[in-house]
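Note that the structure is predicted; figures quoted are calculated from it, not measured.
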Amino acid sequence: METSATAPSPSCSVSERAGNMSTSEKPRPHETEESRPYWRGAERGALMIQRCAHCGKLRHYPRLVCDNCHSLESDWVEASRRGTLHSWTVAHHAFHPGFAQDVPYVLATIDLEEGVRALGILDAPADGKLAPGAAVTGRFERRGDGVSVLHFFLARQGPRLVKGDDQC
């Protein structure tokens with residue numbers, strides 16, 4: 001017998017509660033002028049981080065103004081995709097019908113080696129033992145609709161390296 005600590009949200013429709021959510025497509029990211037280099041990098045498998053062109057401070061998520069020196073000038077650098085687990089949550093309910101087939105899944109905040117944080121899916125068992133500070137590596141995985149999504153792996157179980165993917 002399966003038990004759950006939570007009940008279906010009252011905001012879910014009757015068809016969602018009945019499990020008929022699999023026909024919806026996942027939402028696509030809203031690309032902006034500031035985020036375009038990030039998404040272009042993701043298509044190539046590169047984690048791109050915005051850098052202030054005036055003071056050099058790295059920032060992620062992409063934004064228009066540097067919070068350190070208030071410059072509007074920026075460029076982009078490729079991140080290592082290595083870091084440590086800062087925090088995580090396990091999603092047991094799909095926030096959108098397109099994700100119903102994925103639950104439960106682990107959403108993680110990662111402290112990247114470069115000194116900024118990134119959000120992504122942690123490919124680890126939802127009921128697994130996780131600990132802050134655990135080493136992780138990341139890579140982009142392409143969904144069926146062509147969107148590349150950042151996934152992280154515990155370093156001890158990390159993704160297998162493939163030719164040309166020497167940064168994992």
Side-chain angles (χ1 to χ4, degrees), residues 2 4-6 8-9 11-12 16-17 19-32 34-50 58-63 76-168:
E2 184 174 304
S4 176
T6 57
S9 168
S11 64
C12 292
E16 289 171 342
R17 279 182 259 150
N20 298 329
M21 295 172 55
S22 63
T23 59
S24 280
E25 291 182 12
K26 292 179 179 176
R28 296 183 62 82
H30 176 72
E31 187 177 290
T32 65
E34 286 81 28
S35 69
R36 186 164 290 120
Y38 173 85
W39 293 111
R40 294 299 170 258
E43 290 172 359
R44 298 187 323 271
L47 175 54
M48 302 303 292
I49 302 294
Q50 195 178 42
L58 296 176
R59 58 186 188 249
H60 188 69
Y61 62 93
R63 44 199 176 272
W76 292 80
V77 296
E78 186 171 351
S80 66
R81 296 180 284 156
R82 291 185 299 269
T84 57
L85 182 60
H86 178 80
S87 66
W88 66 93
T89 188
V90 179
H92 291 280
H93 292 282
F95 71 93
H96 182 278
F99 292 91
Q101 300 299 314
D102 298 341
V103 294
Y105 56 91
V106 181
L107 300 168
T109 302
I110 305 300
D111 292 323
L112 295 174
E113 287 181 344
E114 290 77 11
V116 296
R117 290 187 176 143
L119 302 175
I121 297 170
L122 180 62
D123 286 339
D127 60 353
K129 301 285 185 198
L130 298 173
V136 297
T137 57
R139 75 170 177 219
F140 283 92
E141 295 192 357
R142 196 172 306 271
R143 297 188 322 203
D145 63 359
V147 174
S148 293
V149 178
L150 186 56
H151 285 245
F152 288 98
F153 302 83
L154 296 173
R156 66 178 183 274
Q157 73 169 42
R160 291 181 175 220
L161 293 177
V162 294
K163 189 172 185 171
D165 192 19
D166 59 348
Q167 292 195 23
C168 284

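Looking only at distances, a side-chain donor or acceptor of R28 sits under 3.5 Å from a matching main-chain atom of D145.
Because its NZ or CZ atom is both nearer than 6.0 Å to the ring centre of Y61 and within 45° of the ring axis, R63 counts as a cation-pi partner of that residue.
Between P27 and F99 the shortest heavy-atom distance is CD-CE1, 3.4 Å. Between L130 and A124 the shortest heavy-atom distance is CD2-CB, 4.2 Å. The two residues H86 and D111 have their closest heavy-atom pair at ND1-OD2, 3.2 Å. The heavy-atom pair separating V106 from P125 by the smallest distance is CG2-O, 4.2 Å. Of all non-hydrogen atoms in V103 and A94, the two that sit nearest each other are CG1-N, 3.7 Å. Closest heavy-atom contact between F152 and V136: CD2-CG2, 4.0 Å.
Interatomic distance, CD of E114 versus CD of E78, reported as 9.5 Å (0.5 Å rounding). Distance check: R40 CZ to S148 OG gives 10.5 Å after rounding to the nearest 0.5 Å. Rounded to the nearest 0.5 angstrom, H92 NE2 and Y105 OH are separated by 11.0 Å. Rounded to the nearest 0.5 angstrom, R117 CZ and T84 OG1 are separated by 9.0 Å. Separating the OG1 atom in T137 from the CZ atom in F153 is a distance of 7.0 Å, to the nearest 0.5 Å. A distance of 5.5 Å separates CD1 in I49 from CG in L112, rounded to the nearest 0.5 Å.
The residues R143 and E25 are annotated as not salt-bridged, no charged nitrogen and carboxylate oxygen being separated by less than 4.0 angstrom.
At a threshold of 4.5 Å between non-hydrogen side-chain atoms, the residues L85 and I110 count as touching. With contacts defined as side-chain heavy-atom distances shorter than 4.5 Å, the pair K26/H96 does not qualify.
Ring geometry for Y38 against H60 counts as tilted: the plane angle lies between 30° and 60°, on a 0 to 90° scale.
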Would you sort out whether I121 and H151 count as a side-chain contact (heavy atoms from CB on, under 4.5 Å), showing the intermediate values? CA-CA 5 Å; I121 297 170; H151 285 245; 3.9 Å; yes
